[in-house]
Chemist: 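Structure provided below as structure tokens; questions to follow.
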There are 2 protein chains.
Amino acid sequence: MDQTPTPHPADLADDLAGPPASVEEFRARLADILDDLPRRLRQCADHIAANTDRIAVSTVAELATGADVPPSAVMRFCQILGFSGFSEMQRLFREAYSPGWPDYSTRLKNLKEGGTGSPSALLAEFIEAGRQSLEALAKSADELALHRAVSVLAGADTVHIVGLRRAFPVASYLAYVFEKMSVPAMLHDGVGKLDHRFALRPNDAVLAITFAPYSEETLTLAQDARARGLPVVALTDRMTSPLVRYADAILTVPEVDFGAFRSLSATIAMAIALAVAIGTARGG
Amino acid sequence: MDQTPTPHPADLADDLAGPPASVEEFRARLADILDDLPRRLRQCADHIAANTDRIAVSTVAELATGADVPPSAVMRFCQILGFSGFSEMQRLFREAYSPGWPDYSTRLKNLKEGGTGSPSALLAEFIEAGRQSLEALAKSADELALHRAVSVLAGADTVHIVGLRRAFPVASYLAYVFEKMSVPAMLHDGVGKLDHRFALRPNDAVLAITFAPYSEETLTLAQDARARGLPVVALTDRMTSPLVRYADAILTVPEVDFGAFRSLSATIAMAIALAVAIGTARGG
DNA sequence: GAATTTTTAGAATAAAAATTCCAAAATTGC
DNA sequence: GCAATTTTGGAATTTTTATTCTAAAAATTC
């Protein structure tokens, strides 16, 4: 049809060459242009990259909503990638479409077939452990205790978070969420074996996190706070935890271990819920 | 409207019940009616039974051609199965392979607007977010990339872990697991704005973790390692992450957010699996 | 084998989706 | 701070796709 006269091949590689002919080419071209893309088109690229598998079964409008852009932005995006329009892009994905692993359990089984100890088998185990923990938490959550914990911590001047070793990831995530929600909080991390117990002021409160085997320092801080009359909220694994005796509100989280390591899924779910509820209660 | 007098319940079960609610129900109903179907409808049934997985990405016309019948026959077929039309039938198959995901964000919006800020409602949502993240991970995990990541990191002298802000909990948990498994590892925490890039030695490797909005320091360290020829493993949220360009192995984790906060369930599952696999590979 | 019922094909219509286009807004370069 | 350029949002348009309807063809019944 219409032939551009004497084109420089190198210059044209990206722009005038036909549309990507495979999903790999698609990804490559996407990565290429990604960096110099204006805001809306960037949103399209991100959302589409994250949901490549949905392109085949989505409409322009649906993708646009997902990427939080107007439909015309999606159209422009398709054209920038070299397609004549959305339909042509979609055709690529429809032809390649095969509804992957239909359900969760089949796929898990499949991962495990890599052999015991293989990375994917391990992943499958940890996924399963996490899911079971979450399910157990959904069933066992103590609404009353949660409510009490929220009101205790929402009423404090500063929330002191303490959690070490395996509980430290949870503690640090809590610190992050509190900061984002402008809740005054302090993370006691035990760096350099200092303990910052002198930072505890009247009207503060302590949120202590520990699981068996319970960390000495965490217990000490909780005890200390208790002795000074500060309220303590415990996030722990069972009602027989030594933390229980110092606590005004006790949140227990049933976590399933695989090997020596906890999944932490349930603990983190509980922690974020707690933090967000507190942030909201303080009028964040 | 017109009521058949004294109907035998068994006869009506198929006709009057709503449309099939799942792929299994669909297949069951199809098998039921298959035998007493006139010629053209029979052709539809056969072709559709043989190509169930293409329904999601086909048009009426395409299916009709495939079954060698006029489009109207396909329409009648859909209605006989209990659907209002083809579109309703197609919706079933489009949604079957991504349960919940499309309208999850809508649900969160509703929850916020409905003012249901009760702590336990929040907890329920975070549990749900975590569960979905884990399931999505199970479905999307890239075994090859995981394998590559393990061998890269298992071969390193020291593993440098970097992850800040919301990624920091994951990084710190990794550091904990590595320590327990006697894998030499160093956690770069950015305390005091120091960056420890001089700690990177030949034969080391970097495990970088970051999610949008990507943290500058993490990217810098990854870039630096790359420049020195050290292998980099990326644990990030999407293929369009800026980390991708510096990485030798890329692990993407689909995580469902609640507003600004990630559930982290899937990320942690992936992280522990990775760490344990590395520990095992090194003969821990 | 005529009458009745069921099934069918395809044209006509309605609905939904993709695509274009342009004025307004934002950004960039000077 | 102004002019030129790029980017954007949304309404208008076109194209595609689903759906309905009806007259004709088969099939069935008596």
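In what follows, every heavy atom counts, from backbone to side chain, and hydrogens, waters and symmetry copies are set aside. Numbers restart at 1 for each chain; the letters A, B, ... are given by sequence-line order, proteins then strands.
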Chemist: Pick out the pairs of N or O atoms, protein on one side and nucleotides 12-18 of chain C on the other, that lie under 3.5 Å.
Modeler:
{"unit_1": "C/dA18", "atom_1": "OP1", "unit_2": "A/Val60", "atom_2": "N", "d": "3.4"}
{"unit_1": "C/dA18", "atom_1": "OP2", "unit_2": "A/Val60", "atom_2": "N", "d": "2.8"}
{"unit_1": "C/dA18", "atom_1": "O3'", "unit_2": "A/Ser87", "atom_2": "OG", "d": "2.9"}

Chemist: In this structure, how many angstroms lie between the C1' atom of C/dA9 and the CG atom of B/Leu41, rounded?
Modeler: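 Between C1' of C/dA9 and CG of B/Leu41: 13 Å.
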Chemist: Return the nucleotide paired to C/dG10: Watson-Crick means purine N1 to pyrimidine N3 with N6-O4 or O6-N4, wobble means G-U with N1-O2 and O6-N3, both under 3.5 Å.
Modeler: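 Its partner is D/dC21 (Watson-Crick or G-U wobble, both distances under 3.5 Å).
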Chemist: Is there a side-chain contact between B/Phe93 and A/Val57 in this structure, where contact means two heavy atoms from C-beta onward sitting under 4.5 Å apart?
Modeler: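 When only atoms from C-beta onward are counted, A/Val57 and B/Phe93 do not touch, as no gap falls below 4.5 Å.
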Chemist: Scan nucleotides 9-12 of chain D against the protein and return all N/O pairs shorter than 3.5 Å with their distances rounded to 0.1 Å.
Modeler:
{"unit_1": "D/dG9", "atom_1": "OP1", "unit_2": "A/Arg40", "atom_2": "NH1", "d": "2.1"}
{"unit_1": "D/dG9", "atom_1": "N7", "unit_2": "A/Ser72", "atom_2": "OG", "d": "3.2"}
{"unit_1": "D/dG10", "atom_1": "N7", "unit_2": "A/Ser72", "atom_2": "OG", "d": "3.2"}
{"unit_1": "D/dG10", "atom_1": "O6", "unit_2": "A/Ser72", "atom_2": "OG", "d": "3.2"}

Chemist: Quiz question: by atom type and distance under 3.5 Å, do the side chains of B/Thr236 and B/Ser241 form a donor-acceptor pair?
Modeler: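 The answer is yes; a qualifying pair exists.
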Chemist: Angle between ring planes, B/Phe261 versus A/Tyr176, binned at 30° and 60°: parallel, tilted or perpendicular?
Modeler: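 It falls in the perpendicular class, over 60°.
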Chemist: Rounded to whole angstroms, how far apart are CG on A/Asp36 and C1' on D/dT5?
Modeler: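 That distance rounds to 16 Å.
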Chemist: Under a 3.5 Å cut-off for both contacts, is D/dT28 paired Watson-Crick or G-U wobble with anything, and if yes, with which nucleotide?
Modeler: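 Pairing partner, where one exists within any strand: C/dA3.
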Chemist: Going by an N to O cut-off under 4.0 Å, is there a salt bridge joining A/Glu128 and A/Arg131?
Modeler: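 Counted as a salt bridge, because a side-chain N and a carboxylate O are separated by less than 4.0 Å.
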Chemist: Would you indicate, yes or no, if D/dT20 has its OP1 or OP2 atom less than 4.0 angstrom from a side-chain nitrogen or oxygen of B/Gln79?
Modeler: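 Answer yes for this pair, as a side-chain N or O of B/Gln79 is under 4.0 Å from OP1 or OP2.
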Chemist: Is any side-chain heavy atom of B/Arg245 less than 4.5 Å from a side-chain heavy atom of A/Asp35?
Modeler: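 Touching, per the 4.5 Å side-chain cut-off.
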Chemist: Round to the nearest Å and state the distance from B/Glu88 atom CD to D/dT20 atom P.
Modeler: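 The answer, rounded to whole Å, is 11 Å.
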Chemist: Do A/Gln79 and A/Arg76 have side-chain atoms, one donor and one acceptor, less than 3.5 Å apart?
Modeler: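 No - no donor-acceptor pair under 3.5 Å links their side chains.
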Chemist: Count the heavy atoms belonging to other residues, nucleotides or ligands that lie under 6.0 Å from CD of A/Glu179, then report whether that count exceeds 12.
Modeler: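 Incorrect, the count does not exceed 12.
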Chemist: In Watson-Crick or G-U wobble terms, both distances under 3.5 Å, what is the partner of C/dC22?
Modeler: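 In the structure as shown, C/dC22 has D/dG9 as its Watson-Crick or wobble partner.
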Chemist: Specify the separation, in whole Å, of atom CZ of A/Arg94 and atom P of D/dT16.
Modeler: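 Between P of D/dT16 and CZ of A/Arg94: 14 Å.
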Chemist: Atom CZ of A/Phe77 to atom C1' of D/dT7: distance rounded to whole Å?
Modeler: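 It is 16 Å, rounded to the nearest whole Å.
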Chemist: Rounded to whole angstroms, how far apart are CD1 on B/Ile80 and P on C/dT6?
Modeler: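 For the pair B/Ile80 CD1 and C/dT6 P, the rounded distance is 12 Å.
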Chemist: With side-chain hydrogen bond (donor to acceptor under 3.5 Å, both in side chains) as the criterion, how do B/Gln223 and B/Arg226 come out once you've worked through the C-alpha distance, each side chain's angles and the decisive distance to 0.1 Å?
Modeler: CA-CA 5 Å; B/Gln223 187 172 16; B/Arg226 189 61 198 262; over 6 Å; no
Chemist: Rounded to whole angstrom units, what separation is found between the CD atom of B/Gln43 and the C1' atom of C/dA9?
Modeler: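 From B/Gln43 CD to C/dA9 C1': 13 Å.
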Chemist: Can you name the closest pair of heavy atoms from B/Leu122 and A/Ala273 and give their distance?
Modeler: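 What the structure gives for the nearest pair is CD1-O, 4.0 Å.
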